[in-house]
Amino acid sequence: MGAKAVGKALPHDSAHLHVSGTAAYTDDLPEPRDLLHVAVGMSSKPHAKIKGINLKDVATAAGVVGTCVAAEIPGENNCGPIIADEQILVSEVAEYVGHALFAVAAETVDQARKATRLADVSYEELVPILDPMTAVEKQSFVLPTEELQRGDAKKAIADAPHSLRRRLELGGQDQFYLEGHIAMVIPEEDGALLVYSSTQHPDEVQHLVAHATGRSAKDVVCICRRMGGAFGGKESQAATIACIAAIMVVKTGRACKLRLDRDDDMIMTGKRHDFVIDYDVGFDDTGRIHGVDFMFASRCGISADLSGPINDRTMFHCDNAYFLENVHITSYRCKTNTVSNTAFRGFGGPQGMHAIEYIIDDIARTLGKDSLAVRRRNFYGIGERDVTQYEQKVDDNIINDIVDKLEADSDYVERRNAIAEFNANSVILKRGIAMTPVKFGISFTATHLNQAGALVHVYKDGTVHLNHGGTEMGQGLFIKVAQVTADELGITVDRIRINASDTSKVPNASATAASSGSDLNGKAAQVACAKIRGRLTEFAARHFDVSEAQVAFEQNQVTAGKTKLSFEELVQLAWFDRVKLFATGFYKTPKIHYDRASFSGRPFFYYAYGAAVSEVVVDTLTGEYRVTRVDILHDCGDSLNPAMDIGQVEGGFIQGVGWLTSEELCWNEAGELTTHAPSTYKIPTCSDLPVDFRVELLTNAANREDTIYRSKATGEPPLMLGLSVFHAIRDAIATAERPLPDLQAPATPEAVLNAIEKAAS
Ligand code: MTE
Ligand code: HPA
Ligand code: MOS
């Protein structure tokens, strides 16, 4: 059966609803008549013993129906996703400014929010740790320090003809989804709870809500039709919001909704980890790296959350596309008195890649070579120099092909020369260009999470309900899985209704994360459809007295020998014959295995590749810059849907550029986040788009592994292409007197100016 829907640039299944304002997000759902609104009272101190929380004035404030502190939580006071080290409401010690101390439920949102300010909280202040390096000094960690080593990095560095060392300070990033965190919980009969949550992980919400309310999984259903963006921010931390709402349902007996406003969302929920990175590198005259030693210290905040696997992924991606023969990595998971940081597109990978790309750029500048030449000198080989520091063989390496093609397509060499000429004649405006590659490992590094389920119903009229464990956050997962379903059943996509993610339809689903949503759920749906098509085929062969090989399904038509009938006619006949018309499908990623203790194995099923060439112009008097042109060539395997994938590449890239340029998180000495609204926290806007933006997907690029229709995951990898803009800026400000500008990320105009002035002084 040929692919008909798969591979087509179909629009997002909700596009017409998005643009007409009729796509329902959690806050748009009809509200139960007696709904209460919840607000959270937060700690104003970064580290303090809670001596008392007096809620007398809160409880009697207008509209307030109920309040709750830690001791009143009916079940387990925990929202830690992997380790139970984070409380839903603080019982004894507040550990960051914004830490949830109590909850209030009132008739209106305003009443609930205003009431929280009437609390009388007495604190006994303790000394906070507000940055990762202080945490390292004080040995304050959320998880044990990890080390990974191959070869003898120290000796290789000492013996190398050249060496360099540098400290990098790399900022974090707020997910800045347009729809903030929200949950609405409705009490149902006999103690059951129905949770509507904006979550990438309905299964985890179900379980944590059950634990917090003293129930079990069977008593809680979690539904999410779509999110208005998530970007990792709703992988673990949506559960906290749902737990607070659920606790208030139990307290008040009424339906409760908790929607954080933007400031509270930014203060109370985790972000991308900022890092301090030290490196020592030894290399030769050709630019080849002989040895490298990395120290990564990340701001995890108060609890482990997902910081373990995130920092592991940093260790897995500090090679990016380069073979590091002798490497030593130390990874500190710092406990700081700031919000618990969490998943963000790339999941620690971008921070690792930033380190190695900086090293490559430093080597090139030290040797006076073009950085692309140094990149090529260090790329993984094919059949040699092809084993990662975690012992996975890179057996699908296409980085050279991508870089060669992009170099030609983008006129890299000509433009590099033109830029040199421009800069020689321009005193204040300086141009810069850089190409950076990406190699990103696809799979959850925790092997057991690489599983998925689907449930496909064919109704008597031949139309289909599609359910799977994945969630939709704008990335286009639902349309991709619908395309697979359509082709597998030989019907058109318009015959399929894509249902909300629902823990009562598909149980035990992993988070939609690690970019593996379509890999996992596409395959699970394929398995379910194959079962149904098999039964229909068997029936048609019997009914029309032909062989099964003579039965074909295509475009809502069925052929059985000489007989042609519509899919719905066959389905009707099959139903009369009592053929089962629904099925489940289950998939687990093959080939992967990984031993966390030794950091070795094959954590990733395959790699996704890409490269970007960015050109910028910098005003060296103000530090302002503009991205003038970007060329991207990205590998999506055989794309399931090029429209979705191009959207993912464009969006991911720009989000990466935002992280590395304009998005700056600031905390003051009191431990308060001072950038908690768009007025002070600058995400890219339309006018920041590259003037000339050329995005292409690699063609004839079938995944070498047997993924769904040989596609590749696209969600996260393109974010890291944003590194090319950072290095183009660095390129623009490098001069003979300033060969190695100390540019730090985010490269805000201030940071650019600092780098320029530092070298001048
Ligand atoms: N795209 C949109 N529009 N919105 C999002 O929230 N999240 C990203 C990426 N693309 C996101 C997105 C992240 S962090 C991941 S892991 C993947 O989508 C998850 O979806 P997938 O596995 O279906 O690619
Ligand atoms: N990626 C994204 N999310 C995750 C992972 C991962 O590797 N592991 C656990 N959650
Ligand atoms: Mo994405 S950071 O894996 O949710």
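Both ligands and their constituent atoms are indexed starting at 1 by order of listing. Side chains included, hydrogens not; waters and symmetry mates left out as well; all remaining heavy atoms used.
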Protein heavy atom at shortest distance from [atom]:
atom                    : result
atom 23 (O) of ligand 1 : Gln475 NE2, 3.0 Å
atom 4 (O) of ligand 3  : Gln200 NE2, 2.8 Å
atom 10 (N) of ligand 1 : Gln648 OE1, 2.7 Å
atom 8 (C) of ligand 1  : Arg345 NE, 3.8 Å
atom 15 (C) of ligand 1 : Glu716 CG, 4.0 Å
atom 2 (S) of ligand 3  : Arg345 N, 3.1 Å
atom 3 (N) of ligand 1  : Gly474 C, 3.4 Å
atom 10 (N) of ligand 2 : Glu235 OE2, 2.6 Å
atom 9 (C) of ligand 2  : Leu449 CD1, 3.7 Å
atom 22 (O) of ligand 1 : Gly517 N, 2.7 Å
atom 17 (C) of ligand 1 : Gly715 CA, 4.0 Å
atom 8 (N) of ligand 2  : Phe444 CD2, 3.6 Å

Considering only NZ, NE, NH1 and NH2 on the basic side and carboxylate oxygens on the acidic side, decide whether [X] and [Y] come within less than 4.0 Å.
X      : Y      : value
Asp635 : Lys712 : yes
Asp645 : Lys480 : yes
Asp27  : Arg259 : yes
Arg333 : Asp312 : yes

Under 4.0 Å from a heavy atom of [X]: which atoms of ligand 1 are those, numbered in the order shown and with their elements?
X      : answer
Gly229 : 6 (O)
Gly232 : 14 (S)
Ala230 : 5 (C), 6 (O)
Ala513 : 16 (S)
Ala514 : 16 (S)

Report yes if the side chains of [X] and [Y] come closer than 4.5 Å at any heavy-atom pair, otherwise no.
X      : Y      : value
Met227 : Glu179 : yes
Arg225 : Leu29  : no
Thr445 : Phe347 : no

Heavy atoms of other groups near Tyr332 OH, more than 12 under 6.0 Å:
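Atom OH in Tyr332 is not packed in, count stays at 12 or less.
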Using a strict 4.0 Å cut-off to heavy atoms of [X], name the atoms of ligand 2 that fall inside it.
X      : answer
Ala513 : 2 (C), 3 (N)
Thr445 : 7 (O)
Ala514 : 1 (N), 2 (C), 6 (C)

I want to check a possible cation-pi pair here: Lys234 against Tyr177, using under 6.0 Å from ring centre and within 45° of the ring axis as the test.
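Lys234 over Tyr177 ring: yes.
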Taking the six-membered ring of Phe176 as reference, does the NZ or CZ atom of Arg262 fall below 6.0 Å from its centre and within a 45° cone about the axis?
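Yes, cation above the ring, under 6.0 Å and within 45°.
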When you check the side-chain N and O atoms of Ser298 and Asn311, is any donor under 3.5 Å from an acceptor?
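Per modelled atom types, Ser298 and Asn311 side chains form a pair under 3.5 Å.
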Pair Gln526-Glu488, side-chain donor/acceptor within less than 3.5 Å:
yes
Below 3.5 angstrom, do we get any N/O pair linking [X] and ligand 3?
X      : value
Ser515 : no
Glu716 : yes
Ala514 : yes

Can you tell me which portion of Phe347 lies within the under-4.0 Å heavy-atom range of ligand 2? Options are side chain, backbone, both, or neither.
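Under 4.0 Å from ligand 2, Phe347 contributes side-chain atoms alone.
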What are the atoms of ligand 3, with element, lying closer than 4.0 Å to any heavy atom of [X]?
X      : result
Glu235 : 4 (O)
Phe344 : 2 (S)
Gly232 : 2 (S), 4 (O)

If you measure every N/O of Glu716 against every N/O of ligand 2, is any gap under 3.5 Å?
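Such a contact does not occur with ligand 2.
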Nearest heavy atoms of Gly7 and Pro642, plus distance in Å:
O-CD, 3.2 Å
Determine the sole option in Lys523, Arg602, Arg710 for which the salt bridge (charged side-chain N to carboxylate O under 4.0 Å, His left out) test with Glu705 is passed.
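Only one option passes, and that is Arg602.
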Check this for me - ligand 1, Ser516, N or O atoms closer than 3.5 angstrom, yes or no?
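Yes: some nitrogen or oxygen of Ser516 is under 3.5 Å from one in ligand 1.
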Taking distance alone, with N or O pairs closer than 3.5 Å, would you say Met473 contacts ligand 1?
yes
Using non-hydrogen atoms of the residue, decide whether Ser515 is closer than 4.0 angstrom to ligand 1.
yes
Just to be sure I read this right, does ligand 1 sit under 4.0 Å from the backbone of Met227, its side chain, both, or neither, counting only heavy atoms?
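Neither; no heavy atom under 4.0 Å.
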Apply ring pair (Phe, Tyr, Trp, His ring centres under 6.0 Å) to Phe316 and Tyr594, showing your working.
CA-CA 12 Å; Phe316 292 143; Tyr594 165 61; 5.4 Å; yes
Angle between ring planes, [X] versus [Y], binned at 30° and 60°: parallel, tilted or perpendicular?
X      : Y      : result
Phe653 : Phe693 : tilted
Phe296 : Phe294 : parallel
His468 : Phe478 : perpendicular

